[in-house]
Amino acid sequence: MQIDQGMESITQLLIEVTNRNSAAVDALLPLIYDELRSLAANYLRRERPDHTLQPTALVHEAYLRMVDQTQVNWQNRAHFFGVAAQMMRRILVDHARAHTAEKRGSDFQKLSLDENIDKTVERSAELIALDDALHELAEMDEQKSRIVELRFFGGLSIEETAEVLGVSAPTVKRQWRMAKAWLYGQVQRQ
Amino acid sequence: MTPERWKQIEEVFQTALDLPPVERRRYIVEACTGDDTLREQVEALVAQHDQAGDFIEEPAFAVTGLRSSIERDAPTLISDSMEDPAIGRRVGPYKIVREIGRGGMGAVYMAEREDGEFRRRVAIKLIKRGMDTDFILRRFRNERQILASLDHPYIARLLDGGTTEDGLPYFVMEYIEGLPIYRFCDERNLGITERLRLFRQVCDAVHYAHRHLVIHRDIKPGNILVTAEGVPKLLDFGIAKLLNPELADITIDPTATAMRLMTPEYASPEQVQGMAVTPTTDVYSLGVLLYELLTGHRPYRFLNRAPHEIARVICEEKPMHPSVVISRPYDLLPMHIEGQEGDTLKFLYRSRGGGSGDTLRRDLEGDVDNIVMKALRKETERRYQSVEQLRDDITRHLDGQPVSAPPFFPVAAHPVVGFDAPTAEKSIAVLPFKILDERRAEETGDLYLGLGLADVIITRLSQLRRFNVRPTSSVLRYGALDTDPVMAGRKLEVGFVLDGRIQRAGENIRVTVQLLDVWSGGSVWAGQFDEKFKDVLTLEDAITSQVAEAIVPHLSGGERSLLAKRSTDSPEAHEAYMRGRYHWNTLTEDGFAKALIYFNQAVALAPDYALAYTGIADYYNFLGVYAVLPFSETSAAAREAALKSVALDDTLAEGFAALGFATLMNEFDWEASERHLRRAIELNPNYVTGRLWYSYFLGMEGRFDEALAQVRRALELDPLTPLVHHNLSWIYYNARRYEESMAAARNLAANEPNYGLGQVTLCMILWHAGEYDRAIAAGERAVELLGRSPYTLLWLAAAHASAGHREEAHDLLDEVQEMEARRYVSPYLRAMVYSNLGDGEGALSNLEEAWEIRDARLAWLGVDPQFDQLRGQPRFNEILRRTNNPLAARITHPPEPATGQKSVAVLPMRLIGPSATGDEYLGVGLADALITRLSSVRRFVVRPTSSVLRYQGGADDPLKAGRELNVDFIVTGTIRSAGKSIRVSAQLLSVADGATRWAGHFDASFTDVLHLEDSISEQVATALVTHLSGDERRRLSKRGTDNAEAFEAYLRGRYHWTSLTEDSFARAISCYYRAIALDPDYAAAYAAISEYHSWLAIFGVMPPAECLAAARDAARRAVELDDTLAEAHTALGFALLAHPTQWEEAKLHHLRAIELNPNYPTAYVWYAGQLAMEGRFTESDREIQRACELDPLNPLNAYNRVWYLYQGRRYDESIRRARDLIRSDPRYGPAYFALSWALRRIGDYDGAIEASRKSLEFGGQPPLNLAAFGSALAEAGQIEEARRVLAELHELADKRFVTPYHRALVHLNLGERDAALSLLEQSVDDGEPWIVWLGVEPQFDVLRGEERFTELLRRTRNPAYLQDVSTIRTNAAPRSAPPNPRPAQTSAPASAEAPSAQPRPTDDEEAHQLYVAGRYFATRRTAEGLRQAIERLEKAVERDPSFAVAYAEMADCYALLNWYIEPPPADAWERAKEAALDAVRANERVADGHASLGFVLMHSDRDFRGAAREFRRATELKPDNAVAHRWHAFNLSAMGRHDEAVAEIRRAQEINPRSPVVATAFANVLFFAQRYREAIDQCNRALELDPGSLSARIILRWAYEASGMCTEAFATYEQERAFAGDTPTTRAKHAHVLAACGRSAEARETLRRLVAGRDKEWVTAYEIAVIYSFLGERDEAFNWLDRAAQERAVGLTYVRVDPRVNNLRADPRFNELLRRLNGTTGGS
C-alpha cells in the first residue's frame, strides 16, 4: 500500500519531533495550521451558535486526516495535539481580532440590534483579552500558560494535557486552578 | 510581577485552596504575616478562583464558555479591584472598600462606615449609569418602609438607598460573608436530603417576604449566600422591582429591555411574557433553583439569548425530570463540567453525598420529581400557589409522608431535543470524485472518471429504496477539488455525503473515499481502494456495498443483490458509458453529442448493455425538449433505444421512463405512455427523470395536482437540478397558477442565472403578468444562453408580440423562417407567436401544420393558456381531438361573468420554498392582515378570514375557491421565505374570466412585513376600485403596529387561533401576549386577547369571572389604544355583555364597530346576539343575516343564527337551518347542540336525545353538552338517566368549572324549581356569560313571573326584563306553539311590584339612532365628544320633539361642558337647564329628565333643595338609576349632609358595584366628609376598575394631601401628569400639590405664572382660590372666589364643604360668600 505524500511527511515529521528535531517542528507547524484553519473555518461557518463543537474533535479530525496512524505512537499523537492547540489558539484569536475589527465598521449600528452579534463581539473581545493575559502569564509561568493553551484552545482533557506535558494529572489540575483564577481577574479587568 | 513573587503567591494560594473554605482566610493571614501586599494578592486570587466558575472551562469553541462566567452576577465575598475608580469613594456615609460582585445592573461593593468607635460593614449596590434614576429612587422611597421592615434571619436586610454625588442610585444592604448556595452545597458534598433542608430554609425566607407582600422577582443562586454556619441569606429582596418596575407591574413590558435585566434561566413564563408577577413567580424561580441544586443540570437550554428564543424555551419546553436528567452528561451547570464526560457525572454524584447515579436517581424519583415539576409548571394556576405549599411538601417528603404534588409528566425520559439530520430518510449525495492530478488526467482523457464513477455509484445506490440518493444532475456543481463536502451536503439537504479522490498511475487506480455525516461533519467510514484500472467494476462493487452498509446496516439479501447488480460486465463498455455520462452531464449541446457517441460505443462493445441504451434514449428525449430536433424524430429514436433497454432489462426504471415519454411524444398514445411511466416510478421511486416525464404527462392531461405532486417529489429527491424547477414553473403556468409559476421561475432564474430554459419560462410568465420589458430581457437572455435558434427566437418573438411590438415579432418570425431550411422549426411555437399577436387564423394554421408533422408539443395543446382565445373553435377542437388528449372530451367554456356588488376574498398565501416549515403562520397571517386592511375600504365586500381558512395551504384552484366563496375577485399569493427575507407574489384574479387584474411581487426582509402589507393592500385596492379617496388610503395604510416583531407574533397568534383547537388557542394567546409585550400599544393584539378570554368564558372552560374581567380589560385597553378599531369595539361589546348592567355600553360598542367597519361580520354576530337577548328578534335576525352574507362559509355564523332563531321561538326555522349546517359538516358539534334544544321545544324528544349524543360525540365541550343531554332526557321523561347525568355534572363541578346555568336547566326540566333557581342565582353571582339569555330563553318561561326569577332578571339588568313574557312572545312570532310535556306552570302576568315598563322613548327610528350615537359620543368624556353628542341629540329632538331621554342626555352634555371646556361656553348652563326642563316637559315620567334637571339646579343655581326634589323623583321613577343616586349623593354632600350622602352613594354602588365612576364619586363624597382614609380606599378601588381614571387620581391626591402623605401625593401627581400631559390644568395641579405640601415658594412661582397666563391658558378660578387658601393668602383667595362666582365655576357648588378651603372658614368673608352664593335658595 502506497502512502500519500503529504501524510507520509507529516507522520515522519511527527516522529522526528519526538526525537527532538526542532527543524521538524518548524516544518510541521504550517502544515497543521493550514489543515486546522480550513477545518475550523468550516465549523465557524456553522449556523447554530450553540453548536458546542469541541476542538478536540477538530484536532482529532485533523490528526486522522493528516497522519498515518499506523506509523506513530501515543507520544507522537500527544505532540501533534500540543502543536494543534497552539495553532487553534492562533486561529481563534486571529478570528476574534478580525471579528472585532469588522464590528467597528459601518454596520455596527444595524448589527447591534441582534443580541447574538453583540455577544459574539463581546466574546471576541474576551478572547483577545485572554490571549494577551496568556502572553503575560507565559512570562511568569510558562507551564501554566501552556496548560491553558492545551485545555482551553486545544480542548484537551486534564489527562491528555498531562500526557503532552509529561507531568501528572494532579499537577495539571493544581496549575490549572491557579492559572484560571489569575486569568479570570485579568480578563475581567479589561 | 516577577516570577519569584508569582511563586510565593502560588505557594500560599495552593495550600489555602487545599484547606476547607472556612479555614482559608485564617491560613492566608498567618502565612502572609508581615507582607500585606502578598496577603492581598493571594486573597484576590482566591476570590477570583471562587468567582471564576466555568470561566475557560469549556473549550474555546464552545460558545457558552467565556461569557457566562463573566456576566454572572455573583456577589461573593472578596475581590481585588485595585483599578476600580469606585474603590475608596464615599457613598453616603460609607466608604467603598472593594468590589464583591458585578452584574447587569451595576456592581456590588463592600463598604464600611466609620461611626465613632465602631465600624460597620455593608454591601452597596451601585447602579450603573443609564438606568432610570428618578424612577428608581421614587420607587425606592415608596418601598423603603416595606423593604426595611423585612426582618428575617435568612434575609439580608436592605438598609438604605440614595444617589451618589454624581447621581447614580445605590442601595445599602447588610453585608453577608458566605458562599453562593451551589458552591456551598457542592463543597460540603451535601446529599439530597441536606440540600432539601437548606432549600426549605430559603423557602421560609421567601414565604416570610410574601407574607409582607414583597415578591422577590429575581431569585437565583447568585442571590442566595450561605454563611459558614450553613445559614442561607437571601439578597436583593424587592430590588428587582425597584430597578425594573416593568417586571414588577402588571400588563406591559417592553420585552427586550426587561429580558436583559432578568436572569433568563430563572425567569418564569409569566415574566417573559410580561404578565403579572405574583408570589407564584417566586415559586417558579425557586423551582429552577431547586432543580439545579439537586441535579446540577439546567432545566432549560437556550439556543441563543434572543428574547424570543428565551421566551419560547421558557414557555414551551418541558424540562426533563430531575431523576432522569442526572444521568445526562449534557446541559450541566458550568461548575460541574470537569474533564471527560464520565468524570463529570462522577463528580456530580460525589458532590451530592458520594452516592452512585443509581442512588441519586432513587432519591429523586417520585416525590422529589413531582415537587420540582409542580413548582415548574408553566401555568401559574397549576403551580404551588404559595411558597408555603412548596415548603410543606418538602417537609412532608422529608418526614416520609405523601406529598401533594401529583405526578403529571410521564416518568420516562422526555425525548431529548436533538438535532435531526436534515432529512428523516437516509439520504446521501455522492459528489463527483476528485481527480488529484487534473492536468495529467486531462492529458490522458481521464477527467470523465470522477463524474463517471460517481454517476454509476449513484445509479447503483439508487436501487435501494431505503436510500434517498441525489441524482447526478444535482451534484454536478460539486466537482471542484476545493469543494467542502460537508457544506455541499448541507446544501443538498442530505444526511450523508460520499466524497472521493482518484489517483491514477498507469494501470493502477487508487480511490480514497470517505463517507461523512453531514450533521456532525464527522467521518462515518473511509476506505481506500487500489485496483487495476480494468477492475473499475470491482471498485464500484466495493464502494457501493460498503457505503450502503455504513448508512443502513443489515442489508437484506434482496438489497444486496440489487446493489451487486452490474449493468455490464465489460469494463470497456462501462468505461465508454461513464465517459458518455460525463459529457452528458455538461448539459450542453456539444456535450450531448459527445455523450451519444460514447453511449453508442458502449452498446457496440456490449450489445446487451441496457443502461447504455437508456443513455441513448435520454439523449433523444432531451433533444426534443430543448427543441434541437423535432420531437417526431427524437421521440422515434428515443423510443427505439428505450425499447431495446427494457427488452434487455425489464427492471430498469431508466428504460421505462424514457420509453414512456418517447411513446407519448411519438404516438400520442396516452394510455401506453402512462403505463410505462408508472412502471418506471414503481421500479425506482427515487429516479428523478421518471418523475419529471410523468409530471409532464400529467400536466398535459390537465391533472395538475398529480403533476405537481410528481414535481414536488422530484424536487425532494433532487433539490438542485434546474430542469426540475423549470418544470415546476411550467406546470404552474399551465395550471394557471401564475403567481406560483412566477415565483418558481424567478427563483430558478435567481439561482441559476445561466440556465437557458429558466429564462424561457421567466420570459413567458413575465409577459403574462404584463411585465413586457422584463419579459423581453429574459427572452434575450435565453437567446444569449441557448444560442440564436428557432426555439429561442420564437419565444422572444412571442414576448414582443404580447408587448405589442408587432414589427419586432415579425422580424424574428422572418429570421426563423430563414433558418427553416437548415433547422427544425416547431410550428407549435410559431402558432404561439401568432396567438400573442392576436392572429387567431395564423395560430390555427400553424397548429394544423404542427399536427401534420406530428409536432410533439401538441401534447400541451389541451392546457396551454396561450391558446385560450382559440378554445371552442371547431378547428382548434379538431386538432386537440387528433392528439388523443383525454381533455378533448371534456372541453368546457369559461363561466359567464358574475354580476353584482364587488366582492373579494383573500386566500391564505401558499408557502413555497425549502424553509417553509415554521413559517406556516405567515400564509394565513398575511392573508388575515390583508383582509383586515382591505375591509376598511367600504366600496367592496371582503370575505373574512374565517371564510377562507379552508383554503389554507393554498387553494388548488383559486377560481373555484372564488366561486365557492361567491366573490367577484380573488387575491391569491405565495410566500417564499429564505432566511431573513421573504418574497411574496400576489395577484388579483377576476373569478368570472380568470383574468389577472393585477399581479405584484414583493421582496422584503422579515422586518418589512408591515411594509409589504402596505404595498399589497394598496395595490389590490387600487386594482379593485379606481381612485381611492384620501380617507380610504389612510384607512388602508393604517398599521396595527409598527413593530415588525410584534406583528409577527400577532400573525402567529392569528394563525394558531384559526386552527380552533384548545391547544392552538393556548399557543395563540401566548403569541398575543408576546405581541403586546413587544408593542404595548398594539390594539389589535389586545382585541384578540379579549376575544380569547370571552371564548373561554362561553365554553365554560374556566370560571367566568376571571375570564370576563380579563376579556374586558384587554378590550378596554384595545379601545383606548385605537378607538377606530372595529375589532376592539366588538371585543369590548362582547366582553361587556355578560356583565350585568352594561348592556347599553355593550351595544354602543357593537354599533360603533359596525360603523367603523361595515364589513366586519363578527360585529354583526354579537350585535344580533344582544338584540336577541333583549327579545328584539326581528332586528336580531336582520343583523345575523348580514353576518352570514359577509361570511357565508363560517359555520359559527350559521350556528349563531340557529341559536338566535331558537331563542326567538322560531323553532322550525332553527331546526331547518341546524340541519342544513349539519349537512354541510356532519361533524360540527355546535349544530347538534342547538338542534337538540330546538327539537325539544317541538316535542321531538328522541331526536333531541340523538342530537345531544352527537353533540357530545363531536362537540368536545362536555359540561355544556352533557347538561343539554340531561335536559333532553329529563324532558323526554327518562328521569333516572337524567338524574344520572345531573349527578355526573355535579361531580364534575367539584373538579372543574361546570356552568351553573346549564345545571340549572337540567334541574328545571326535572321539575326542581328551587334547585334550578339557586343555581341560577349562583350563575348570576358568578357573572356567568350565559345569564344574558335569562330574559328570553324559552325554557325559563315556566319561571317567569316568579319573584325570585324576576329578581334575578332585574339583577342582570337585561332590558328585556322590562317586557313581560307576552311581549316577548308577540315579538317572537312563534310559528309553532311549544307543546309542554308536563302541565305548564302558568306564567303569571307581570306582577304589580315589578317596576313599571319604561315607555318606548321614541317611535322615530332615525331619532333613536341619533340618540344612540349621541350617547356614544357622550361616553367619550371629552369636550369634543360632548360637542359631537350635543350635535346629534339636537337633531334627535328636532325629529321627535317629545323625545324625553334625548333632552335629558343633552342637558347632561351641556352641564358637563362646564368641566371640560376651558373656559366653558357662557350659555352652557342655560342650555343645560332648558334641555332638562324640556325633558321633564316632554315626559314627566322619564327618570333621566329629573336627574338631569337636579344636576343643573345644584351646579348652576346651587338650588340644592330643588335638586334634591328632582333626584328623589328620578329614583322614585327608576329606583335603580345609579346616576340619580350618585348625583343626589353629591347634592347631599354639598349641603353638608355627609351621612346621608354616603348612604346615597352606597346605594349607587350597590346598583353598579364595578363602576369606576361610582367608586370615584364615592371617594369624592368621603373626601368632602373628611373621611380621607376611606376616600383613598375608594380611589384605589376605582383605579383597580379603571387604571386610567384621571378623576380617581385627582381625589386620591387630594386625600393624600389632606392626610399629609406628601410623597404619595407627589407620586399621584406624577401619574396625573403622565396621563394628562402638560396642560394648564396639570400645572394648576402642580401648584396645588406644592402648596398643600408646604413647598410654598415653588407653589407661588407656579401659581404666579398660571395667573399671569390665564387669559391665554384658562384655569378655573376656583382652583386658584384653593391654592391661595393653601398658601394662607386669604385676600387673594377671596378675590379669586369672587371671580369664580362671576364665572359660575362649578367648584363653588361644594365650597361649603370643600376641606381644601378650611383655611378660610374662620374668616367672616367666608360666611358672607356662602350667603351671597346661596342667596334666597341657600342650603340648610
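The sequence lines fix the lettering, A, B, ..., with proteins before strands; numbering per chain opens at 1.
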Would you please test A/M178 and B/I9 for side-chain contact (heavy atoms from CB on, under 4.5 Å) and show each step? CA-CA 10 Å; A/M178 168 101 172; B/I9 296 171; 4.2 Å; yes
Verdict with supporting geometry, B/Q14 and A/R177, side-chain contact (heavy atoms from CB on, under 4.5 Å): CA-CA 9 Å; B/Q14 296 288 13; A/R177 67 183 182 187; 2.9 Å; yes
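Side-chain contact between A/R174 and B/L17: absent, with no pair of heavy atoms (C-beta onward) separated by less than 4.5 Å.
Using a 4.5 Å heavy-atom cut-off against chain B, the contacting residues of residues 133-140 of chain A are A/L137, A/E139, A/M140.
Under the rule for a salt bridge (charged side-chain N to carboxylate O under 4.0 Å, His left out), the partners of A/D141 that lie at least two apart in sequence or sit in another chain are A/K144.
To the nearest 0.5 Å, atom CD1 of residue B/I56 and atom CZ of residue A/F153 are 8.5 Å apart. The OH atom of A/Y184 lies 5.0 Å from the CD atom of B/Q51; values are rounded to the nearest 0.5 Å.
Closest approach of B/F55 to A/L130, counting heavy atoms only: CZ-CD1, 3.9 Å.
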